[in-house]
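A short worksheet on the structure shown next.
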Amino acid sequence: MPELPEVETVRRNLQSLVNGAVIREVELGAFTGCIAHPAPQEFAARLSGQRITGTGRRGKNLFILLDSGDDIAIHLRMTGDLTVVLPDEPRGKHHHLALLLDDGRELRFSDTRKFGRLRLLTPTEFEEFKTTVGPEPLEDELTPERFFEMLQSRGRAVKPLIMDQAFLAGVGNIYADEALFTARIHPLRPADSLTFDEASRLLDAIRVAFLDALGRGGTTIKDYRNALGERGENQDYLQIYSLSEGEPCPRCGTPISRIVVGQRGTRFCPHCQPAPVQA
DNA sequence: ACACTGCCCTGCGAGC
DNA sequence: TGCTCGCAGGGCAGTG
């Protein structure tokens, strides 16, 4: 499922593939529920004739900037897929939307599980939207001191907290497990119980996980493809997410545990990531 | 304000 | 072999 590195990979693809192109027409598929705002017909009408002037990203949200000043905000959720193809490319079973470009190519959106969403935002709506998303882990403004301070005021378990997009942008289930493993922090540790050293290690582990994955074109467990339809390679380098319960920890050999935290399957090493002490 | 639960949706693997 | 069932999960609405 696309998290920050995968969305950033797609953004870079789109930046080189469609920047400067004009959207001639928007072709709606049978399922228009993927267009969250405004109504599908208005969405299509307002996009037609617009030139793409750039791309952007905030956490897992991808932006396509238009010369009208509006932005298309896209969230791929679990199985959303954006690809740039020639018109003779057959449409997949879960094709939902196509932006027909003036050079003949198409920017297509497909999504098996129909969780992904597109919305067209005015500059005001865009600014408002950005305030709902937490800081970017890869930006320098997020210092270890600031991250520690953010954790200090929160009593909930650290894993669901770092996956909360309003708290921190871009971390999903895969990189949460990877980073907590690297930083040797149990996923159920209350956020405010982390020491400064642990907070610092966690932020660093998130950054390393993201940068490594970016360098390998993202993680493809099953569905993820970039805008060229290619798989990522980072799945071959995951430390713990791809392991099953009972398989040995790659660091110490202790059998890996699997629990459910905030409805998400969670892997950790009970030796390297000791459980919080109950009060 | 914060924390937590249920729901959306389809494909796939396990079990019988 | 073919069926049913339950699981996978990001974000949002609703609840406490």
Side-chain angles (χ1 to χ4, degrees), chain A residues 1-8 10 29-37 57-63 73-82 91-97 109-119 121 125 128-134 136-137 149-180 187-193 206 209-210 213 218-225 231-232 235 238 240-246 256 258-268 276 279:
Chain A
M1 60 237 84
E3 303 181 31
L4 188 148
E6 291 74 34
V7 177
E8 177 62 17
V10 173
F31 173 72
T32 56
C34 56
I35 301 170
H37 175 81
R57 182 192 56 75
R58 185 71 193 270
K60 305 177 198 172
N61 297 280
L62 178 64
F63 306 121
I74 303 164
H75 199 302
L76 300 171
R77 296 280 185 100
M78 253 87 73
T79 54
D81 188 46
L82 284 170
R91 294 191 170 175
K93 188 179 168 187
H94 303 287
H95 169 88
H96 302 310
L97 182 82
F109 174 72
S110 65
D111 187 358
T112 307
R113 281 155 80 173
K114 300 182 181 173
F115 282 2
R117 291 292 180 266
L118 296 90
R119 54 189 83 223
L121 304 176
E125 288 169 331
E128 194 179 299
F129 170 77
K130 286 200 285 188
T131 66
T132 66
V133 185
E136 284 284 320
E149 197 181 301
M150 286 162 59
L151 292 166
Q152 284 292 96
S153 61
R154 301 300 204 96
R156 64 193 292 209
V158 65
K159 179 176 173 182
L161 183 62
I162 60 171
M163 289 175 64
D164 181 341
Q165 300 302 297
F167 178 79
L168 187 67
V171 179
N173 202 40
I174 297 174
Y175 299 109
D177 275 6
E178 291 293 310
L180 288 165
L188 289 178
R189 285 278 302 281
D192 58 7
S193 78
I206 292 169
F210 279 171
T219 299
T220 299
I221 300 289
K222 190 172 126 35
D223 298 293
Y224 167 72
R225 299 291 186 278
R231 300 164 60 90
Q235 62 281 2
L238 296 175
I240 191 159
Y241 182 81
S242 48
L243 299 181
S244 302
E245 184 169 20
I256 293 299
R258 188 186 182 281
I259 58 175
V260 175
V261 179
Q263 331 284 77
R264 307 290 178 255
T266 300
R267 291 103 181 143
F268 67 98

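In the text below, chain A, chain B and the rest are named by the order of the sequence lines, each starting its count at 1. These numbers were taken from a predicted model, which means no experiment stands behind them. FYI, side chains are in, hydrogens and waters are out, and symmetry mates aren't considered; it's all heavy atoms of this structure.
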When the distance from [atom1] of [X] to [atom2] of [N] is rounded to whole Å, what number comes out?
{"X": "Leu76(A)", "N": "dC9(B)", "atom1": "CG", "atom2": "C1'", "value": "16 Å"}
{"X": "Arg58(A)", "N": "dG10(C)", "atom1": "CZ", "atom2": "P", "value": "19 Å"}
{"X": "Gln235(A)", "N": "dA8(C)", "atom1": "CD", "atom2": "P", "value": "20 Å"}
{"X": "Asp192(A)", "N": "dC2(B)", "atom1": "CG", "atom2": "C1'", "value": "13 Å"}
{"X": "Leu62(A)", "N": "dG10(C)", "atom1": "CG", "atom2": "P", "value": "18 Å"}
{"X": "Met1(A)", "N": "dC8(B)", "atom1": "CE", "atom2": "P", "value": "21 Å"}
{"X": "Met78(A)", "N": "dT10(B)", "atom1": "CE", "atom2": "C1'", "value": "10 Å"}
{"X": "Lys159(A)", "N": "dA3(B)", "atom1": "NZ", "atom2": "P", "value": "17 Å"}

[X], nearest nucleotide to its side chain (from [options]):
{"X": "Lys60(A)", "options": "dG11(B), dG11(C), dA8(C)", "result": "dG11(C)"}
{"X": "Arg156(A)", "options": "dC2(B), dG6(B), dC4(B)", "result": "dC4(B)"}
{"X": "His94(A)", "options": "dG11(B), dG10(C), dA8(C)", "result": "dG11(B)"}

So which protein nitrogen or oxygen atoms get under 3.5 Å of nucleotides 12-16 of chain C's nitrogens or oxygens?
none

Give a yes or no on whether the backbone of [Y] and the side-chain of [X] come within a donor-acceptor separation of less than 3.5 Å.
{"X": "Gln165(A)", "Y": "Met163(A)", "answer": "yes"}
{"X": "Glu136(A)", "Y": "Ala169(A)", "answer": "no"}
{"X": "Gln235(A)", "Y": "Thr220(A)", "answer": "yes"}
{"X": "Arg58(A)", "Y": "Lys60(A)", "answer": "no"}

| Stacking here means centres under 5.5 Å and planes under 30°; does Phe115(A) stack on dG11(C)? | no

| field | Shortest non-hydrogen separation from Ala213(A) to Thr219(A) and the atoms involved | value | CB-OG1, 4.5 Å

| task | Heavy atoms only: give me the nearest Asn173(A)-Gly265(A) pair and the separation to one decimal. | result | ND2-O, 3.0 Å

| task | For DNA chain C, list all stems, counting runs of three or more consecutive pairs where every pair is Watson-Crick or G-U wobble with both distances under 3.5 Å. | result | B:2-16 with C:2-16

For [X], which contact category applies under a 4.0 Å heavy-atom criterion: base, sugar-phosphate, or nothing?
{"X": "Gln165(A)", "answer": "sugar-phosphate"}
{"X": "Gly262(A)", "answer": "nothing"}
{"X": "Arg154(A)", "answer": "sugar-phosphate"}

| said: With a sphere of 6.0 Å drawn around CD of Glu149(A), does it hold more than 12 non-hydrogen atoms of other residues, nucleotides or ligands? | reply: no

| query | Does Asp111(A) reach the side chain of Phe31(A), with side-chain heavy atoms less than 4.5 Å apart? | reply | no

| field | Sub-4.5 Å side-chain heavy-atom contact between Leu76(A) and Tyr224(A) | value | no

| His75(A) side chain N/O closer than 4.0 Å to the phosphate oxygens (OP1, OP2) of dG11(C)? | yes

| said: Need to verify one output field. Residue with the more 5' nearest nucleotide on DNA chain B, Asp164(A) or Lys222(A)? | reply: Asp164(A)

| query | CD of Glu125(A) to NE2 of His37(A): how many Å apart, nearest 0.5 Å? | reply | 4.0 Å

